[in-house]
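Quick caveat: nothing in here was measured; it's all calculated off a predicted structure. Numbering of residues begins at 1 and proceeds along the displayed sequence.
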Amino acid sequence: MLPGFGLSLGYALTYLGLIVLLPLAALVWKASALDLDGWLQLLSAPRTLAALKLSFGGALLAALFNAVAGLLVAWVLVRYRFPGRRLIDALVDLPFALPTAVAGIALTAIYAPNGWIGQYLSALDIKIAYTPAGVLVAMVFVGFPYVVRTLQPVLETLDRDVEEAAESLGATRLQTFLRVIVPALLPTLLTGFALALARAVGEYGSVIFIAGNIPLRSEIAPLLIVQKLEQFDYAGAAALGTVMLGFSLLLLVAIALLQRWSGRWAERGA
């Protein structure tokens with residue numbers, strides 16, 4: 001049904017080059033307009049460092065939280081049958097379909113000092129909206145479905161006989177989970193973690209509403225890029241985008257290597 005290898009490969013490389021590689025190359029080329037002093041001035045600015053730290057640090061924390069919570073939710077949806085299960089399963093996809101600006105407004109309305117949840121947290125002197133914690137909440141919201149939807153198919157095909165065999169040999173439930181289930185799920189869990197991380201790093205719409213965008217405190221790197229574009233500083237915006245691109249590539253390569261190691265470890269354990 002499909003054309004030959006040469007034609008298929010050529011089409012795939014052409015499509016990848018036009019859609020992915022060409023825009024990224026244009027970004028790097030535009031950033032090269034800055035000289036070395038311009039790069040050093042941009043990267044050493046306290047505002048830039050704070051924004052990059054919040055974007056990548058918040059995305060990492062959000063992805064770690066989603067890895068744990070997403071595993072739990074996927075496990076419940078696959079292993080148990082209860083009233084309302086289909087509704088909960090459908091709600092997991094809500095962040096996919098919801099416009100990011102709408103999500104940001106909704107999260108702000110909930111966690112603002114006069115919001116549904118924020119008013120009770122304010123009484124405890126806990127602030128979520130307009131703080132880095134609000135940025136973390138928004139990143140968790142947009143990245144959560146990636147972990148759940150990545151793990152669900154694997155959990156559905158996981159052989160229950162292996163778990164029963166481990167239990168028959170005297171293994172406790174905790175030992176079965178850690179030594180049988182986790183090795184089988186670890187590569188897929190890392191994939192979901194990587195997807196959630198990448199989604200959170202590049203998130204803009206849902207974050208800027210709840211973040212408050214306070215310089216050196218709750219300002220994310222994508223907002224700095226937009227501000228530089230509004231100031232017609234295209235080279236500075238491209239340079240900051242290139243820095244984010246480089247960090248993201250390093251993180252994804254590290255996660256890919258970790259996935260390969262976890263896959264080999266799971267095969268040895270099997």
Side-chain angles (χ1 to χ4, degrees), residues 14-63 95-96 98-109 111-112 129-143 195-253:
T14 302
Y15 187 85
L16 179 65
L18 293 176
I19 301 300
V20 179
L21 298 181
L22 186 60
L24 295 181
L27 176 69
V28 177
W29 176 79
K30 190 66 179 179
S32 64
L34 280 181
D35 56 8
L36 181 59
D37 292 336
W39 276 89
L40 294 177
Q41 184 178 2
L42 175 66
L43 297 180
S44 61
R47 191 173 177 182
T48 302
L49 294 175
L52 290 173
K53 180 181 179 181
L54 180 58
S55 291
F56 285 94
L60 183 60
L61 290 177
F96 284 141
L98 197 65
T100 55
V102 177
I105 294 173
L107 291 173
T108 305
Y111 291 102
Y130 317 127
T131 65
V135 176
L136 183 62
V137 169
M139 289 179 174
V140 168
F141 177 81
V142 298
L195 292 174
L197 175 65
R199 182 70 178 87
V201 166
E203 180 57 23
Y204 176 76
S206 62
V207 173
I208 58 172
F209 289 98
I210 194 173
N213 308 318
I214 303 173
L216 301 176
R217 185 184 178 193
S218 62
E219 191 176 47
I220 58 174
L223 179 62
L224 278 184
I225 296 176
V226 173
Q227 290 177 349
K228 289 186 177 295
L229 291 175
E230 292 175 348
Q231 298 167 2
F232 303 102
D233 185 8
Y234 300 120
L240 190 55
T242 303
V243 172
M244 292 193 67
L245 175 64
F247 277 123
S248 300
L249 287 176
L250 289 176
L251 284 175
L252 292 177
V253 169

Restricting to non-hydrogen atoms, name the atom on S55 and the atom on P222 that form the minimum distance, rounded to 0.1 Å. OG-CD, 3.7 Å

Start with the C-alpha gap between V28 and L24, add the side-chain angles, then the distance that decides, and say whether side-chain contact (heavy atoms from CB on, under 4.5 Å) holds. CA-CA 6 Å; V28 177; L24 295 181; 5.7 Å; no

side-chain contact (heavy atoms from CB on, under 4.5 Å) partners of V253, counting only residues at least two apart: L257

For Y111 versus V137, what's the shortest heavy-atom pair and its separation? CE1-CG1, 3.8 Å

Checking L61 now: which residues fulfil side-chain contact (heavy atoms from CB on, under 4.5 Å) with it, not counting sequence neighbours? L136

Pairwise salt bridge (charged side-chain N to carboxylate O under 4.0 Å, His left out) hits with a residue in residues 16-37, at least two apart: none

CG-CD distance between N213 and Q227, expressed to the nearest 0.5 angstrom: 7.5 Å

Check side-chain contact (heavy atoms from CB on, under 4.5 Å) between A138 and all other residues, then give those that pass, not counting sequence neighbours. L107, S206, V207, I210

Pairwise distance CD1(I208) to CD1(I220) - rounded to 0.5 angstrom: 7.0 Å

Correct closest heavy-atom pair for A50 and L216 would be CB-CA, 3.9 Å

For G236 versus L42, what's the shortest heavy-atom pair and its separation? O-CD2, 3.9 Å

Quick one: salt bridge (charged side-chain N to carboxylate O under 4.0 Å, His left out) pairs with a partner in residues 211-220, sequence neighbours left out? R47-E219

Can you tell me which residue pairs pass the ring-ring contact (aromatic ring centres under 6.0 Å, His included) test with a partner in residues 218-247, sequence neighbours excluded? F56-F247

For the atom pair OG1 (T14) and CD1 (I19), what is the distance rounded to the nearest 0.5 Å? 11.0 Å

Taken in chain and number order and not counting sequence neighbours, the residues that satisfy side-chain contact (heavy atoms from CB on, under 4.5 Å) with A59 are M139, L197, A200, V201

Among pairs that include at least one residue of residues 203-214, which meet salt bridge (charged side-chain N to carboxylate O under 4.0 Å, His left out), considering only residues two or more places apart or in two chains? R199-E203

Listed once per pair and sorted, the ring-ring contact (aromatic ring centres under 6.0 Å, His included) pairs that draw on residues 15-45, sequence neighbours left out: none

What one should report as the nearest heavy-atom pair of G143 and A196 is O-CB, 3.5 Å

Answer yes or no: is there a side-chain heavy-atom contact under 4.5 Å between L49 and K53? no

Residue set satisfying salt bridge (charged side-chain N to carboxylate O under 4.0 Å, His left out) with K228, at least two apart, ordered chain then number -> D233

Where is the tightest heavy-atom contact between Y130 and A112, given as atom of each residue plus distance? OH-CB, 4.4 Å

